[in-house]
Amino acid sequence: IVGNNIVWLIAFPIATLVLALFAATLFDKVRYEPLAMTIVILPTAISFTAGSVIWTQMYSFQPAGTPQIGTFNAFLGLFGINPVPWLIQPVVNNLSLIFIAVWLQLGIATLILSSAIKNVGSEMIEAARLDGASEWRVFFSIILPNILPSVLVVLTTMIIAALKVFDIVYVMTNGNFGTDVIANKLYYELFAANNLGHASAIAVILLFTALPIAFINIFQFRSEARS
């Protein structure tokens with residue numbers, strides 16, 4: 001269980017942050033930014049539970065040689081590739097669940113970073129380009145250092161979300177096939193096993209794990225307020 005949470009803590013925040021940075025930077029350069037941003041933000045209007053139900057159908061698996069009703073496996077079948085048991089196969093199932101969380105949270109992360117990028121002084125960026133700096137150099141030397149507070153907000157928010165992830169795991173696998181996480185274990189101890197002591201202990205562990213991350217955000221907000 002702890003190992004699965006560690007995978008969530010590493011893969012989910014990093015994947016969301018990298019994709020959000022890419023999307024926010026790219027959208028800032030195109031004319032159809034409002035349309036692109038709308039498409040990315042739309043999944044955030046879906047609850048984790050509803051999103052899980054949708055993706056359960058997308059990941060649906062039938063044995064090879066039988067009609068595939070799942071979107072992904074039907075697509076693989078077009079190329080003669082055997083269907084993949086997305087929610088059963090170890091490692092693959094955890095990554096498949098993480099992908100759903102990234103899809104649901106990418107919009108809000110992109111919106112935060114896009115707002116931060118628009119506040120970066122255009123004079124500095126234009127001066128760097130006139131000096132011959134490449135777009136990569138402009139991003140890493142000017143844009144990224146100036147949006148670090150927003151990057152930290154996105155990163156810490158996603159870490160907290162990874163710590164308390166429950167809906168996706170509960171709806172799609174109920175913790176079976178090696179996908180169990182701490183929050184799902186808390187639910188089992190409280191409502192299935194009726195073990196209030198164990199459930200309370202798990203809740204306290206989650207609280208104390210999330211507190212340092214919350215304090216980092218508070219310290220960052222206070223630093224910005226003073227500057």
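Note: hydrogens, waters and symmetry copies are ignored here, and every other heavy atom, side chains too, is used. Since we're looking at a predicted model, the values are computed, not measured.
Ile10 and Leu17 fall into different hydrophobic clusters, where Ile, Leu, Val, Met, Phe, Trp and Tyr side chains are chained together by heavy-atom contacts under 4.5 Å.
When all heavy atoms of Ser60 and Asn73 are compared, the pair lying nearest together is O-ND2, 3.0 Å. Scanning all heavy atoms of the two residues, the minimum distance from Ser114 to Glu33 falls at OG-OE2, 3.5 Å. Of all heavy-atom pairs spanning Thr179 and Asn94, the tightest one is CA-OD1, 3.6 Å. When all heavy atoms of Ile142 and Ala128 are compared, the pair lying nearest together is CD1-CB, 3.3 Å. Nearest approach of Thr16 to Ala109, heavy atoms of both residues: CG2-CB, 4.0 Å.
Taking the six-membered ring where the residue is Trp, Trp136 and Phe140 present parallel rings, their angle staying beneath 30° rather than reaching 60°. Ring planes of Phe75 and Phe79: perpendicular class, angle over 60° (limits at 30 and 60°).
Summarising the geometry, atom CG belonging to Leu42 is positioned 12.0 Å from atom CG belonging to Leu106; distances are rounded to the nearest 0.5 Å. Atom-to-atom distance recorded for Thr209:OG1 and Leu9:CG is 8.5 Å, nearest 0.5 angstrom. With rounding to the nearest 0.5 Å, the separation of CG in Asn146 from CG in Asn119 is 10.0 Å. The distance from atom CG of Leu163 to atom CG of Leu206, rounded to the nearest 0.5 Å, is 7.0 Å. From Leu87, atom CG reaches atom CE of Met58 across 12.0 Å, with rounding to the nearest 0.5 Å. In this structure, CG on Leu97 lies 6.0 Å from CE on Met172, to the nearest 0.5 angstrom.
Within 6.0 Å of the CZ atom in Phe61, the count of heavy atoms belonging to other residues, nucleotides or ligands exceeds 12. Within 6.0 Å of the CZ atom in Arg129, the count of heavy atoms belonging to other residues, nucleotides or ligands exceeds 12.
Contact annotation: the side chain of Phe12 never approaches that of Val165 to less than 4.5 Å [non-hydrogen atoms, C-beta and beyond]. Side chains of Ile46 and Leu104 form a contact here, defined as non-hydrogen atoms less than 4.5 Å apart. In this structure the side chain of Ile108 reaches within 4.5 angstrom of the side chain of Met158, judged on heavy atoms. In this structure, the side chains of Leu19 and Phe22 stay at 4.5 Å or more apart for every pair of heavy atoms. When side chains are defined from C-beta on, Leu113 counts as touching Val151, because their heavy atoms get closer than 4.5 Å.
Partner of Trp86 under the ring pair (Phe, Tyr, Trp, His ring centres under 6.0 Å) criterion, out of Phe99, Phe72, Phe177: Phe72 alone.
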- Message: Between Gln57 and Thr71, does the side-chain contact (heavy atoms from CB on, under 4.5 Å) criterion hold? Intermediate values first, please.
- Response: CA-CA 8 Å; Gln57 302 303 316; Thr71 306; over 6 Å; no
- Message: Run Ile100 and Tyr59 through side-chain contact (heavy atoms from CB on, under 4.5 Å) and show every step you take.
- Response: CA-CA 11 Å; Ile100 300 168; Tyr59 285 144; 3.6 Å; yes
- Task: Give the intermediate values and the outcome of side-chain contact (heavy atoms from CB on, under 4.5 Å) for residues Ile88 and Asn93.
- Result: CA-CA 6 Å; Ile88 299 175; Asn93 51 14; 5.7 Å; no
- Message: For a side-chain contact (heavy atoms from CB on, under 4.5 Å) check, start with the C-alpha distance between Ile147 and Leu21, then their side-chain angles and the critical distance, and finish with the verdict.
- Response: CA-CA 10 Å; Ile147 65 171; Leu21 278 171; 3.8 Å; yes
